[in-house]
Amino acid sequence: MSETSPKLRAELEGIPTYKPGKPAAAGGPVAYKLSSNENPYPPLPGIMESVTAAASSFNRYPDMACTGLMNELSERFAVPLAHLATGTGSVGVAQQLIQATSGPGDEVIYAWRSFEAYPIITQISGARSVQVPLTPGEVHDLDAMADAITDRTRLIFVCNPNNPTGTVVRRAELERFLDRVPGDVLVVLDEAYREFIRDPEVPDGVELYRDRPNVCVLRTFSKAYGLAGLRVGFAIAHDRVAGALRKTAVPFGVSQLAQEAAIASLRAEDELLGRVGSLVCERTRVVDTLRGQGWTVAETQANFVWLRLGERTSAFAETCERHGVVVRPFSGEGVRVTIGENEANDIFLKVTEAFRKEP
């Protein structure tokens, strides 16, 4: 038997592993999972019914064109069908975008720290990551990102609100940045947390895309709509980009259950966004309490808060877990904590109060 093994692409060497939020412990004390930015509310009854009905035919392939969902999205966002593409969550669509634009020798620019999937999907394509540090206020440094553009730049991610800091870029600075980006470089506005924004100065990416052919908007049903386990996201972009996304999509990637749940979610949007409003109110309570305890908390427009803890990150995460809440640590940097059930948030705030007083 030969001792050699199959040759694999060199680009796969050293790819960082995506770290999902740690689940709550089973069989132990009451534990809440605040590590994955999930919506804590269960699906609405009507959405459950649509999924249950679709489950009776999962021996069949789903509608590969996502016809019903595409029609709903076209009407909801007032965009042509040709400007839409779906995928397995917004991260799946993001990977398709890189496949469509970037390969060996190309560059992908994004802020850092930002969504941890960006370096993974960039390296898989063979392209090179250009990471531009956040400002001291934990915000995208758009001027530095524009300065980083070269003739090898193919795609730029702007995560707005940014994951994991929750910070945003506002209209004037974003439009100024877009004006500096060459027309042949694709700018992807990753708006996975768009529904949680309450700052009127943060633009809706869909409005910016309309007269900018090099702008693509990513959205997802995983966060505000509470369908994280069904994996469905979409992009809004001009014909050429949206067409490339449909070419790079995994055939039958979005299940029929996901499609039906997404359609039902759009039709129940008012009720779902009422839930989002409740989470935003709870976000305000959590941030105000943290600041009252003496913490420095970046302004967040997402469904999570960010605490920069440096070397104390792991110790803080372990303390949280001992008290019954699981948070998402980024070693040596800080923790991201999802706004969850009121009881979970109360436990978290008790931990932060005690931890703040420790030497």
Side-chain angles (χ1 to χ4, degrees), residues 5-20 64 83-133 140 144-160 162-164 177-178 181-192 205 209 212-220 222 231-254 330:
S5 59
K7 293 181 179 179
L8 302 177
R9 292 172 57 213
E11 288 87 357
L12 300 182
E13 294 294 329
I15 288 182
T17 301
Y18 185 90
K19 296 179 181 178
M64 194 171 89
H83 286 198
L84 288 162
T86 57
T88 53
S90 57
V91 66
V93 184
Q95 184 163 7
Q96 292 166 232
L97 283 164
I98 291 186
Q99 287 177 318
T101 61
S102 309
D106 297 330
E107 295 177 347
V108 176
I109 297 174
Y110 51 87
W112 198 251
R113 178 170 283 276
S114 191
F115 184 32
E116 61 188 305
Y118 295 158
I120 297 171
I121 58 181
T122 298
Q123 192 168 336
I124 287 172
S125 76
R128 186 175 80 87
S129 287
V130 178
Q131 298 180 348
V132 178
H140 281 58
M145 291 174 70
D147 290 341
I149 296 171
T150 72
D151 58 3
R152 296 183 297 278
T153 305
R154 296 293 176 267
L155 183 147
I156 304 171
F157 284 111
V158 177
C159 192
N160 201 30
N162 186 48
N163 178 12
F177 169 75
L178 293 174
V181 177
D184 60 355
V185 174
L186 182 65
V187 178
V188 179
L189 303 180
D190 188 344
E191 297 184 338
Y209 114 95
R212 295 180 184 268
N214 69 327
V215 170
C216 170
V217 181
L218 290 185
R219 297 283 180 89
T220 183
S222 296
R231 312 309 303 130
V232 54
F234 61 98
I236 300 175
H238 287 263
D239 305 56
R240 192 157 176 261
V241 173
L245 284 171
R246 293 191 290 272
K247 289 179 182 178
T248 53
V250 174
F252 305 108
V254 181
F330 295 83

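Nothing fancy with the numbering, it's 1 onward along the sequence. Computed from a prediction, not measured in an experiment: that's the story for all the values here.
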Of the non-hydrogen atoms in Gly87 and Val254, which two are nearest, and what is the gap between them? O-CG2, 3.5 Å

Would you indicate whether the side-chain heavy atoms of Ile109 and Val132 approach each other to under 4.5 Å? yes

Is the shortest heavy-atom distance from the side chain of Val91 to the side chain of Phe115 under 4.5 Å? yes

Taken to the nearest 0.5 Å, the spacing of Asp147 CG from Ile149 CD1 works out to 8.5 Å

Does the side chain of Leu245 come within less than 4.5 Å of Leu97's, by heavy atoms? yes

Work out which heavy atom in Val158 is nearest to a heavy atom in Val187; give both atom names and the distance. CG2-CG1, 4.2 Å

Distance from Ser125 atom OG to Ile120 atom CD1, nearest 0.5 Å? 12.5 Å

Just by modelled atom types, is the Val185 backbone N or O under 3.5 Å from a matching donor or acceptor in the Asn214 side chain? yes

d(Thr101 OG1, Leu186 CG) to nearest 0.5 Å is 6.5 Å

Measuring only between side-chain heavy atoms, which start at C-beta, is Thr122 closer than 4.5 Å to Ser102? no

Please tell me if the side chains of Thr150 and Val130 come closer than 4.5 Å, counting only heavy atoms from C-beta onward. no

Can you see which heavy atom on Tyr110 is nearest to which on Ser129, and at what distance? OH-OG, 2.7 Å

Look at the aromatic rings of Phe157 and Tyr118 and report parallel, tilted or perpendicular, splitting at 30° and 60°. parallel

On a heavy-atom basis, which atom in Ala85 and which in Ala242 lie closest, and how many Å separate them? CB-O, 4.0 Å

Side chains of Cys159 and His140: closer than 4.5 Å at any heavy-atom pair? yes

Below 4.5 Å, heavy atoms only, C-beta onward: do Trp112 and Pro119 meet side chain to side chain? yes

Residues that Arg152 engages under side chain to side chain donor-acceptor pair (under 3.5 Å), provided they are two or more places apart: Glu107

What heavy-atom pair brings Ser222 and Arg231 nearest, and what distance separates the two atoms? OG-NH1, 2.8 Å

Return the minimal non-hydrogen interatomic distance between Ser114 and Asn162, and the atom names on each side. OG-OD1, 2.6 Å

Drop me the distance from Leu189's CG to Ile156's CD1, to the nearest 0.5 angstrom. 10.5 Å

Flag the pair Tyr209 / His83 as yes when their ring centroid distance falls below 6.0 Å, and as no otherwise. yes

Under 4.5 Å between any side-chain heavy atoms of Ser90 and Arg219, yes or no? no

Partner of Gln96 by side-chain contact (heavy atoms from CB on, under 4.5 Å), out of Thr88, Thr248, Ile121: Thr248

Quick one: CE on Met145 to CZ on Phe177, what's the gap to the nearest 0.5 Å? 5.0 Å

Value for CD (Glu191) from OG1 (Thr220), rounded to nearest 0.5 Å, stands at 12.5 Å

